[in-house]
Structures are given as structure tokens and as C-alpha cells.
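Keep in mind it's a predicted model, so treat the numbers as computed, not measured.
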Amino acid sequence: MTSPSEEIKLRFATAIEFALSKAYPNSGIDKQQILNSISTPKREFGDISSSIAIRLSKIAKRSPKEVSAAIVAGIPKSGIIKDINEANGYINASFNEVEYSKMVFEAVNSLKERYGSSDIGRGEKVIVEYPSINPNKPCVVSHLRNALIGDSISNILGFCSYEVEREDYIDNLGLQMAETLWGWKNLSDKPDKKFDQWLGEQYVIVNKRLEAGGEEIKGQVHSILRTIENTDTEESKELREIAERCIKAQRETLFRYGIYHDVLIWESDIVRARLLEKALEIGFKKGVFERPSEGKYAGCVVVKLEKIAKFAKELEGSREDSKVIIRSNGAATYIAKDFAFHLWKFGLLDSEFYYREFMGQPNGRALFTTAPDGKPMGFGNVKKAVNVIAVQQSYEQRIIKVLFSLIGREDIADSLVHLSYGMVNLEGITLSTRKGTWMGKDRDYTADVLLEEAVSKALDATERSGKLSDGSKAGSVSEAIGIAAIRFEFLRMSPKKPMVFSWDSALSFEGNSGPYCLYSHTRAGKVLRKGGYVGSSVGSGAYEKVSRGDDFELVKAIGSAGEAVEEAAYEYSPGVIADYIIRLTTTFNRFYESMQVLNSDAKEFRMGLIHAYMITLSNMLALLGIRTVDEM
RNA sequence: GGGCAUGUGGCGCAAUUUGGAUAGCGCAUCUGGCUUCGGACCAGAUGGUUGCGGGUUCAAAUCCCGUCAUGCCCGCCA
């Protein structure tokens, strides 16, 4: 069903279309153009507005004022839209506040925790990949940005009727892991803290050794690299154990933030499942890949960039003329593996992974993992894939898309979304897990430390306010507030924006912040409790008590939740939800200040309004992964 | 050499996809507001040639051309 704001927008557009077709039969303006012309005007102009007459004025060779007046005159007076008038060429109208309030309340009360949801996904299966942290380090703030975006966009797509599969890609091969294994074998330190933290510190030590001219070490690392590429060696088994231990430590952190997955896919299992051979077969059959017998790329498998350039102008002007898929020594490049993996995601390979349960999750759902000794399950085979990957990898992600176009699957290329997010840096320096800049002077830039800081600040604030009826709840309440602060801060801005991490803004509890939203929710709840609010139905007479003040502004804000959700899904941007939440919350706070509820003859209506507000707010916060609290 | 992203009051962001009325919000600064449902709040004020220069248009932060700055990418690394 359509949301209240979309419903009324549609009715407004239909009314205009009707009047327009009579006054200007040959205008050539269609319904979509009318819908695009509709916006929410400043309060004094009404509740809804269209600028279509201004656009039409040129075609009609009349002034905008004349055109809009003619359209207004032709709109039949009826129902939920009233007071239609002309101003400066705009067509402005007001809602019948009683009727619209009824429409909004009924939508909220019938849908409850589904209020604001949408059916645009039509049950299609989508796989979302995030955050793919290498299994040799802790989750630092840049990984956290990835993880939160991925988690939130999964929530949003799920709320839009997509069937979402949350997948995490584990890169347990490659140079980084070889270096980690070298450290494990050669450094004398033993794990004495959270394992991912410890392993990350070891990795930094190894890199310092290498940088200090460790030619001998470099040789040893490369020989390790060769042995782990073969997935059946002792080394690769040992490394997998280390990696699993690290992943489990990382999960502790992610779970605390409320970030969950359905399946882990290990790079070593991609190799084992021989996806690559089948991907190459497809590539050669479609004439996409070539194997030059001479020249610079002799012995490699390549794709000519001139082919790619046909689909992606931005890849022109490269310094090379080919992209290597398989190296001359037979080893696959990252692009090869990723292409093969994506063929699997879209169900184009008949190869199957084997899975087993990896661990339980606090949300009650098991986390599965690919594993050599597992059994087949139904992961993958999706209609759409969203990859939350840093902007630095745009070039490679673009090539993967183009490879799909080259094998004649433009449809898949269109369904493969690189949700790129900007770098997270520290003031003045880049955040590097290799160089160890994530280890700060007085505190590390890890997700663990950040959460500790946020929770302890929340605990201070909670104790100062002294509002908790039961002091033993301080811990869980502070946890929720801390998570809200961090999640809101990381999600409120567009993913593309580069972000400079600062403790001050990450721990902001005022203004545009998570705690501000939670605070608003607790105040609302308190009013209902004091007022003895029980049911969710509002007597039809009570709607007559709605005024033209901040109460109706709140009704309108609640009514447009669904629009925000669809826009967020369409743009892959949780920030749209954060923006909406701020608008909703601010509107409520104004209502709360300006209108009494319990000592008012409009008590029934206003309590119903607050109830609808709380449902809407908590639904929207849930999309950002923020849960509400009763007191704080 | 080529490509991509970003550029909006002192600071952090929104609005750019689909051009519309006075460019919104927060922080900071200044002024008010709790004997009344929770002050992590609200009201008001100060602060903007939307990087710069052209163009299109009745109308440009938004579209087009040029240009500057910052960051990232263009590897038989991942």
C-alpha cells in the first residue's frame, strides 16, 4: 500500500491533471511531470504545492498566474485536499486536517512495526556484501563506517520487500595473511588481549621489520604466500585457524554494535570450489578474454581495455592497454577471483560452495560459513548485488560490471551496485592498518574503544540526569545511547563524503544526534504513561480536535515516512533516513513545547498522535540499527 | 597524461538524480524560556557573491562549457 503522503500527492496530481487536460488539452504534460513539480512549500503557502503552471506558461503563451488560476478553477472541490489557490504561478493547497490525520493514524495503527515499509523490492533476492575486514586486525573506524552502511542499507532494502542476504567476504589468502602467518611463526609475543587487537598489533610489527629492510623476511613471506595458495597445506590450515579465531573476535565487536550476517564466504573456498576455471571458460567462450602468445602479456590471460572502453568511457586513457586476469605464472588476480565470485552471486555458475554453521548470533540467527567439510545450502543466486566497498576500489568494481556487459549480461551489470564510501581519516593523517596509525597515542581508533568511550560518556549523562526509575538499568541504557550516538554520526552523511574522524563529533549527544532522537522518544513515552494511554484506537470524534498548529505539522511529518524509506533505498543512502528522523523529531519537540497534552480537551487525539509518532520514530531508528529506550 | 569523487556561513552536514517562492539543520557565539506532560529541550539573533569564470533559462547550489583546489584511482598487489 502507498504511504499517506504519496497517496495524497497522487490525488493532488490527478486533480491537476484533470483540470489541466480541460484547460489546456494539448499541453503535452504528463502525470510524471506533474508529480515532479509537486513539493512541500513553506508553511504559509499551504501543505502541498505544484509549479507546473510556470512550466506550462511558456507553451500556453500566458502568464504563469493566468495558467495557474485556470487550473485552480478547474479542480473539483472535494475531500481531503481543500483550499486550492493560486499564488505567484504556484498551485497551493491545504489538506483537510481531520481527514488526513485519520488516514495517517489508521496507516500507522494497522501496519505498526511495518509502518513506513514499501513493496518496491517485490520479494527479489539481493545480496549485500560488507564489511570484508581482513582476518588479521581489529575493526577500526573506517571498517566500522563500511559495516554500519552495509547493515543499514540491508535493513532499508529489507523494509522495501527485498529478500536480503547479508554476506561477508573473508580474504584469507594474499600477502597480508602471509605476513601475518610469518609473524605468528617468528615473533615471540603470545596473545595477551582481544585476539583481533593483538593480531593487528603483530601485523604492524611485521611491517616495521619489512620496512626496515627485511629482505630475508620478505623472501620467507613469499614462500609462505605460495604455500597458502594451495589450500591443502599445513600452513593454510594453520592460517585458517588463526583467521577464524580473529573473525570470532571481530564478531564480538560487530555483535555489540548490532551488526549481523547470514554467511561468510572465504576466498580460499572460492579457490577450492574452482569457480575460476568456470569463469574463464565463460570469458573465453564469449570472446572476452585473450591469451597473448607474445609481447608484454605473453602467457597471461587478459582483457583488452579497448573493449572495456566501449562500455565505460572513464576507463579510457589508461597507461596500459590490457587488464591482466591470470598472471603468466598461472595465479589469478583479484579481478579474476571477484568476477568469478560475482558470476556465482548471480547464479551463473553451477559450482557449489559447502557450508556449516560458524557460530550463533545474539539476534537468534545462526551465522554460516563456507567450509570444505560442509554441505550445500541455498545462498547466492540473486537478482541484485550490493557491494559496500571503499571508493579506492571504484576502478576494479567498474571493470567487474563491464565484464558482465561484455559477456552479454547488461542486465546483471545494471543490478550490480558498488556502494562506495569515502575514506575515513584522522585529523592530519591517513588511517592505515598496515602502518599502525590506528593505534592512537592515548586511545586506539578501533570500534571497541569508540564504543567504550561512547558508553562511558552516556553513563555519565544518565547518572547526571538521574531519571532512571531502576538504577540497575544504567548499563544497558548507556549501551543503547552510545550505539545510537555512533551509528547516527556515521550514517547521517552521504556515504560518498570523505570523513575526518573526530572524537568530539562521534560522541556528540546534542542537536543532530542519536541521543537527541532517543531523548525525544522517552519524553513522548512518558506522556503516554502519565496519561494512562492504553489502546491504539482514536475515537472518530477526537480527530476534530486537530488544529492548524504544530500537531498537524507532526501528522504530516509522520505521514511521509514511506517516501523517505523509498528514497533511501533508491539512492542507497541511510543518510536520507537520518535526515527524515531529524525532521520528524524536531517537529515533535516543537509540538511538545507548544501544546499541552494531558491538560487539554484534545487529550485523546494528541495521545494518539504521540503514539503514532513513537511507532514511526522507532521504525525509522531501527533502519539505522538504533533501538529506543524507555528512560535515559 | 587520463579518469572518478569532493568543494555550500568559523566548524560539521542537507538540498544537486527530477532547475522553482526568502539555500535548510546542528556545533560554536549572543539573548530569552523550567511553581505547568523530562532543559540530552524550545524560542529568537548574528553569520552565505553555494571554489572561481562564462553560458542556457521567465527562474541555476542544481543543467552545459571552462578553470582552480583537495583526495583517490589508472599494478602480472589485494
### Query
Can A:Gln393 and A:Tyr334 be counted as having a side-chain donor-acceptor contact under 3.5 angstrom?
yes

### Task
Rounded to whole angstrom, note down the C1' distance from B:rU50 over to B:rU22.
15 Å

### Query
So does A:Lys42 get a side-chain nitrogen or oxygen closer than 4.0 Å to the phosphate oxygens (OP1/OP2) of B:rA21?
no

### Message
Under the salt bridge (Lys or Arg N to Asp or Glu O under 4.0 Å) definition, can you give me all pairs with a residue in residues 498-516 of chain A, not counting sequence neighbours?
### Response
none

#### Entry: Distance-only donor-acceptor test, A:Asn512 side-chain atoms vs B:rC25 base atoms, 3.5 Å
yes

### Task
Please determine, by modelled atom types, if A:Asn146 and A:Tyr421 share a side-chain donor-acceptor pair under 3.5 angstrom.
yes

### Message
Measure NZ/A:Lys496 against C1'/B:rU16 and give the value in whole Å, please.
### Response
11 Å

### Residue pairs fulfilling side chain to side chain donor-acceptor pair (under 3.5 Å) with at least one residue in residues 511-525 of chain A, sequence neighbours excluded
A:Tyr516-A:Thr586, A:Tyr516-A:Asn589, A:Ser520-A:Asn589, A:Ser520-A:Tyr613, A:Arg523-A:Asn589

### Message
Let's test your reading of the model: under 3.5 Å, does the base of B:rA78 pair with the side chain of A:Glu267 as donor and acceptor?
### Response
no

### Message
Taking donor-acceptor contacts at under 3.5 Å, does the side chain of A:Glu571 reach the base of B:rU17?
### Response
yes

### Length of the line joining A:Asn599:CG and B:rC37:C1', which is rounded to integer Å
7 Å

### Message
Tell me the closest heavy-atom pair linking A:Arg434 and A:Asn207, and the distance in Å.
### Response
NH1-OD1, 2.9 Å

### Message
Just to be sure I understand the rule, does A:Asn88 reach a base, reach only the sugar-phosphate, or reach nothing, if contact means heavy atoms closer than 4.0 Å?
### Response
base

### Task
For A:Gln176, report the nucleic acid contact type (base, sugar-phosphate, nothing); a contact means any heavy atom under 4.0 Å.
nothing

### Query
When rounded to the nearest Å, what value does the distance between C1' atoms of B:rC30 and B:rG71 take?
37 Å

### Message
Within the 4.0 Å heavy-atom criterion, would you say A:Gln392 contacts the bases, only the backbone, or no part of the nucleic acid?
### Response
sugar-phosphate

### Task
Answer with base, sugar-phosphate or nothing: what part of the nucleic acid does A:Leu175 contact at a heavy-atom distance below 4.0 Å?
nothing

### Pairwise P distance, B:rG12 and B:rG7 [rounded to whole Å]
12 Å

### Query
Taking atom P of B:rC76 as reference, at what distance in whole Å does atom NE2 of A:His222 sit?
15 Å

### Task
For A:Lys58, answer base if it contacts any base atom (sugar-phosphate contacts may also be present), sugar-phosphate if it contacts only those atoms, and nothing otherwise; contact means non-hydrogen atoms under 4.0 Å.
sugar-phosphate

#### Entry: With A:Glu479 via side-chain contact (heavy atoms from CB on, under 4.5 Å) - residues at least two apart
A:Arg256, A:Leu451, A:Val455, A:Ile483

#### Entry: Residue that, paired with A:Ile270, satisfies side chain to side chain contact (heavy atoms under 4.5 Å, CB included) out of A:Asp171, A:Leu275, A:Leu173
A:Leu275

### Message
Donor-acceptor pair, distance only, cut-off 3.5 Å: does the side chain of A:Arg583 make one with the backbone of A:Ala557?
### Response
no

### By side-chain hydrogen bond (donor to acceptor under 3.5 Å, both in side chains) - contacts of A:Lys137 (at least two apart)
A:Gln176, A:Thr433

### A:Lys337/A:Glu267 salt bridge by N-O under 4.0 Å criterion
yes

## Note on the structure
For A:Arg226, the salt bridge (charged side-chain N to carboxylate O under 4.0 Å, His left out) test, sequence neighbours excluded, returns none

### Task
Can you tell me the distance, in whole Å, between the CD atom of A:Glu489 and the C1' atom of B:rC27?
11 Å

#### Entry: B:rC74 and B:rC11, which share atom name P, separated by this distance in whole Å
32 Å

Identify each atom pair where a protein N or O and an N or O of nucleotides 43-46 of chain B are less than 3.5 Å apart, giving names and distance.
{"residue": "B:rA43", "atom": "OP1", "partner": "A:Arg590", "partner atom": "NH1", "Å": "2.9"}

### Message
By the 4.0 Å heavy-atom rule, please label A:Met607 as base, sugar-phosphate, or nothing.
### Response
nothing

### Query
How do A:Leu173 and A:Val391 order along RNA chain B: which one's closest nucleotide is nearer the 5' end?
A:Val391

### Task
Using salt bridge (charged side-chain N to carboxylate O under 4.0 Å, His left out) as the criterion, list what pairs up with A:Asp30, not counting sequence neighbours.
none

### Query
So, A:Ser51 side chain and A:Ile54 main chain: donor-acceptor pair closer than 3.5 Å or not?
no

### Task
Please work out if A:Ser505 contacts a base, only the sugar-phosphate, or nothing of the nucleic acid, heavy-atom cut-off 4.0 Å.
nothing

Protein-nucleic acid N or O pairs under 3.5 Å, nucleotides 38-40 of chain B:
{"residue": "B:rG38", "atom": "O2'", "partner": "A:Tyr519", "partner atom": "OH", "Å": "3.0"}
{"residue": "B:rG38", "atom": "N1", "partner": "A:Met632", "partner atom": "O", "Å": "3.0"}
{"residue": "B:rG38", "atom": "N2", "partner": "A:Met632", "partner atom": "O", "Å": "3.1"}
{"residue": "B:rG39", "atom": "OP2", "partner": "A:Arg523", "partner atom": "NH1", "Å": "3.0"}
{"residue": "B:rA40", "atom": "OP1", "partner": "A:Tyr519", "partner atom": "OH", "Å": "2.8"}

### Summary
Among B:rU17, B:rA78, B:rC58, the one nearest any side-chain atom of A:Glu567 is B:rU17

If you restrict it to nitrogen or oxygen atoms, what contacts under 3.5 Å exist between nucleotides 7-10 of chain B and the protein, and what is each distance?
{"residue": "B:rG7", "atom": "OP1", "partner": "A:Lys497", "partner atom": "NZ", "Å": "2.8"}

### Query
Which pairs with one or both residues in residues 33-56 of chain A pass salt bridge (Lys or Arg N to Asp or Glu O under 4.0 Å), sequence neighbours excluded?
A:Arg43-A:Asp550, A:Arg43-A:Glu553, A:Asp47-A:Arg548, A:Asp47-A:Lys556

### Task
State which of B:rC74, B:rC42, B:rC13 makes the closest approach to the side chain of A:Lys323.
B:rC74

### Query
NA contact type, A:Asp460, heavy-atom cut-off 4.0 Å: base, sugar-phosphate, or nothing?
nothing

#### Entry: Any A:Arg327 side-chain nitrogen or oxygen under 4.0 Å from OP1 or OP2 of B:rC77
yes

### Query
Can you find a side-chain donor-acceptor pair between A:Ser39 and A:Ser49 that sits under 3.5 Å?
no

### Query
Is a side-chain donor-acceptor pair under 3.5 Å present for A:Ser502 with A:Ser505?
yes

### Query
Base, sugar-phosphate, or nothing for A:Glu44, non-hydrogen atoms under 4.0 angstrom?
base

### Message
Applying a 3.5 angstrom cut-off to the pairing atoms, does RNA chain B sit in any stems of at least three consecutive Watson-Crick or G-U pairs? List them by first number.
### Response
B:1-7 with B:68-74, B:10-13 with B:24-27, B:29-33 with B:41-45, B:51-55 with B:63-67

### Task
Check whether the side chain of A:Ser49 and the base of B:rA21 form a donor-acceptor pair under 3.5 Å.
yes

### Message
Tell me whether the side-chain N/O atoms of A:Arg434 come closer than 4.0 Å to OP1 or OP2 in B:rA78.
### Response
no

### Message
Under 4.0 Å, counting only non-hydrogen atoms across every strand here, what does A:Ser328 touch: a base, just sugar-phosphate, or nothing?
### Response
base

### Query
Taking the C1' atom of each, how far is B:rC68 from B:rU31, in whole Å?
41 Å

### Query
Taking the P atom of each, how far is B:rG66 from B:rG3, in whole Å?
10 Å

#### Entry: P-based separation of B:rA5 from B:rA14 [nearest Å]
16 Å

### By side-chain hydrogen bond (donor to acceptor under 3.5 Å, both in side chains) - contacts of A:Tyr592 (at least two apart)
none

### Task
For nucleotides B:rA23 and B:rU16, find the distance between their C1' atoms and express it as a whole number of Å.
12 Å

